[in-house]
Trainee: 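Below you'll find the structure I mean.
What you are looking at is a predicted structure, and each value in this text was computed from that prediction instead of being measured.
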Amino acid sequence: MPDALYADPRLAPLYDPLDPDRSDLEPYLAMVEEFGARRVLDVGCGTGTFACLLAERGHEVVGVDPAAASLKVAAAKPFADRVRWLLGDATTVPRVDADLATMTANVAQVFLTEDAWRETLLAIHAALRPGGRLVFETRDPARRAWENWTPERKRTETDVPGVGPVRSWCEVLDVSAPLVSFRWTYVLDGDGTTLTSDSTLRFRERAEVEESLRATGYRVDDVRDAPDRPGREFVFVATRA
């Protein structure tokens, strides 16, 4: 089940205004060009920013996400009519013979169990053409990113058009390695509404991810650094064997 931030029709429209800097997508746009990908599968596409950027550039795009509220936001964006939107997870995607599949914004960490992760990798494998690639990022557990997820460090106030001032902050609820649970709180000052969204992410070691890829029919070609977050994340590039 998707977190409230993505599934709640009151919260999903706030996702983009509260996090407008999507420079994290630039390396993915560069890899689409690097690998000459024409057809792209965006797994966990959320509010569709990456998918629409690709569509604007003339690529064929399939975006899949389990949160209907996020897909509704996506469908209203420029170039959204050129994207094939699917409600569901990777296991619901038909074979689309994609040249490239992506999981941006740490989507790979939402799969908490070994079974869910394996099923997702297998489903993406089936959706790729022979020789197609999968690229995704995941945080390096050694950097202990969650130690910065505190109200003091994550508190923001944003004036959202049509909504008014929105205050938000994050707090960690539990650390039971490799799982980390945390809560985002949003206060809409216009009407005094307070909304929360709880999340849990799994922090996998590099070797663990590489082994899971090989076990599900991929060849690991490269493990890169995230240019905008050097030393903090692994960016995996794998080919359907």
Trainee: So, are R22 and D16 salt-bridged, with charged N and O less than 4.0 Å apart?
Mentor: no

Trainee: Are R214 and E210 close enough for a salt bridge, meaning some N to O gap below 4.0 Å?
Mentor: yes

Trainee: May I ask you to decide whether R224 forms a salt bridge with E34, counting only side-chain N to carboxylate O separations under 4.0 Å?
Mentor: yes

Trainee: Please check if atom NZ in K77 has more than 12 non-hydrogen atoms from other residues, nucleotides or ligands closer than 6.0 Å.
Mentor: yes

Trainee: Is E137 salt-bridged to R229, going by a charged N under 4.0 Å from an acidic O?
Mentor: yes

Trainee: For R39 and A98, indicate whether the former's side chain and the latter's backbone hold a donor-acceptor pair under 3.5 Å.
Mentor: no

Trainee: Ring centroids only, cut at 6.0 angstrom: are F203 and W146 within range, meaning strictly under it?
Mentor: yes

Trainee: Could you tell me whether D140 and R206 have a side-chain N and a carboxylate O separated by less than 4.0 Å?
Mentor: no

Trainee: Quick one: are Y28 and L54 in side-chain contact, heavy atoms under 4.5 Å?
Mentor: no

Trainee: If only atom types and distance count, is the side chain of T92 paired as donor or acceptor with the main-chain N or O of G88 below 3.5 Å?
Mentor: no

Trainee: If we only count heavy atoms from C-beta on, is the V83 to C45 side-chain gap below 4.5 Å?
Mentor: no

Trainee: Take L213 and L134 through the test side-chain contact (heavy atoms from CB on, under 4.5 Å) and record every step on the way to the result.
Mentor: CA-CA 10 Å; L213 286 166; L134 166 63; 4.1 Å; yes

Trainee: Is there a donor-acceptor contact under 3.5 Å linking the side chains of S70 and D65?
Mentor: no

Trainee: Salt-bridge test for R129 and D99: reply yes if a basic N is under 4.0 Å from a carboxylate O, no otherwise.
Mentor: yes

Trainee: So, is the end of the R204 side chain (NZ or CZ) under 6.0 Å from the ring centre of W117 and within 45° of the ring's axis?
Mentor: yes

Trainee: Counting C-beta onward and ignoring hydrogens, is there a side-chain heavy-atom pair between R57 and L29 closer than 4.5 Å?
Mentor: yes

Trainee: Could you tell me whether the side chain of Q109 and the main chain of R139 form a donor-acceptor pair under 3.5 Å?
Mentor: yes

Trainee: Any chance the side chains of S176 and D174 put a donor and an acceptor closer than 3.5 Å?
Mentor: yes

Trainee: Measure from the side-chain N and O atoms of D225 to the backbone N and O of G231, and report whether any donor-acceptor pair falls under 3.5 Å.
Mentor: yes

Trainee: Would you tell me whether T196 and T185 have side-chain atoms, one donor and one acceptor, within less than 3.5 Å of each other?
Mentor: no

Trainee: Could you check whether any side-chain heavy atom of M31 comes within less than 4.5 Å of a side-chain heavy atom of V237, counting everything from C-beta outward?
Mentor: yes

Trainee: Do NZ/NE/NH1/NH2 and the carboxylate oxygens of E208 and R202 come within less than 4.0 Å?
Mentor: yes

Trainee: Establish, from distance only, whether the side-chain atoms of D228 and S23 form a donor-acceptor pair under 3.5 Å.
Mentor: no

Trainee: May I ask you to decide if Y218's main-chain N or O and H125's side chain share a donor-acceptor pair within less than 3.5 Å?
Mentor: no

Trainee: For residues L173 and D198, determine if any side-chain heavy atom of one lies less than 4.5 Å from a side-chain heavy atom of the other.
Mentor: yes

